[in-house]
Amino acid sequence: MRTLRTELRKVVAYRLPLFVAVGALLLVGLWDVTILARGQSGLRAMDSSLAFSGIVLPTAWFIIPMLLVGADTCEGTLWPALHSRPGTTRVLMGKAVAAVVVAVVTALLAALMLAGLTLVTSHGAPTVEVLPAVIGRLLIQAMLCTVIAFSIYVLTGYQGASWIILGLLVWIHFVERVLSSALPGNAGMLGMPFRLVDFWIRGKWSATMPQLEMFGFGPLAVYTAALAALAAGSFIFFSDSSGRTWGRKRW
């Protein structure tokens, strides 16, 4: 708990992780204002807000865990922290959990803004009934995206953060579209885990494919577990004494 408290304090102390989270929320809030200005209401307003936040929020969730590690790297405090007590594993776990906490809080605040948007629009009362499901799905998406980003960051030895972010965005907005259309039948869903979660949150299958409502996050959860296991294995067996992945292991 002490390590987690330290990492959560660093979110504020280093400013950049906090700025990214607040900036994403401001963008979502500004988009909600434009929705009100256009006069959208009910489910249409909610879908428009979720479609925009489905682009902005995952990007922030990819960036935050990298900033938590990158700030220590820039300040020169990461390697001494990894060498000291409570040890490398606890320090990195503290950073991972802190990143998840920030992502979850961001998702909750975005959901609060979504609820406010829904309540002030006309014909919004029936839409409120689906808000609990939407909020729960946003929280799942926040946790999965954060774990994916942190796992990839560990696998690359805490380097190339900007390339990781770019790669994830290219995958979501380009590669997934190609794979989903190229693979036949349900296999196409395995190639579009991020878009699948986005559709799941927005309830796109409520009328045509209700059976998918129960496990729309399934492919992304499988990929997340596989990446986390790979990152943990590479850290345990292939990290050097300073915690950098793929270094020479000293027993």
Side chain to side chain contact (heavy atoms under 4.5 Å, CB included) involving A96 - partner list, sequence neighbours excluded: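 So A96 forms a side chain to side chain contact (heavy atoms under 4.5 Å, CB included) with F150.
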Examine [X] and [Y] and state if one hydrophobic cluster contains both, with Ile, Leu, Val, Met, Phe, Trp and Tyr joined whenever side-chain heavy atoms are less than 4.5 Å apart.
| X | Y | result |
| --- | --- | --- |
| L36 | W31 | yes |
| V105 | M113 | yes |
| V56 | L112 | no |
| W61 | L109 | yes |
| V222 | L220 | no |

So which heavy atom on [X] is nearest to which on [Y], and how close?
| X | Y | result |
| --- | --- | --- |
| T106 | V102 | OG1-O, 2.7 Å |
| F217 | V197 | CA-CG2, 3.8 Å |
| S151 | A231 | O-CB, 3.6 Å |

Roughly how far apart are [X] [atom1] and [Y] [atom2], rounded to 0.5 Å?
| X | Y | atom1 | atom2 | answer |
| --- | --- | --- | --- | --- |
| L57 | F52 | CG | CZ | 9.0 Å |
| L138 | I201 | CG | CD1 | 4.5 Å |
| L25 | S53 | CG | OG | 10.0 Å |
| F62 | T146 | CZ | OG1 | 8.5 Å |
| T59 | L27 | OG1 | CG | 10.0 Å |
| L18 | I64 | CG | CD1 | 9.0 Å |

S49: side-chain hydrogen bond (donor to acceptor under 3.5 Å, both in side chains) partners, not counting sequence neighbours: D32
Side-chain heavy-atom pair [X], [Y] within 4.5 angstrom cut-off:
| X | Y | answer |
| --- | --- | --- |
| P58 | Q141 | yes |
| W200 | I140 | yes |
| R38 | I35 | yes |
| L144 | F194 | no |
| L16 | I63 | no |

Hydrophobic cluster partners of V100 (side-chain heavy atoms under 4.5 Å): V104, L108, I135, L139, M143, V147
Side-chain (R202) to main-chain (L50) donor-acceptor, under 3.5 angstrom: no
Heavy-atom donor-acceptor pair, S48 side chain to A45 backbone, under 3.5 Å: no
Audit row: L155, L230, side chain to side chain contact (heavy atoms under 4.5 Å, CB included) steps and yes/no: CA-CA 8 Å; L155 285 170; L230 185 59; 3.9 Å; yes
M46 vs V134, side chain to side chain contact (heavy atoms under 4.5 Å, CB included): CA-CA, chis, key distance, verdict: CA-CA 10 Å; M46 174 180 285; V134 171; 4.2 Å; yes
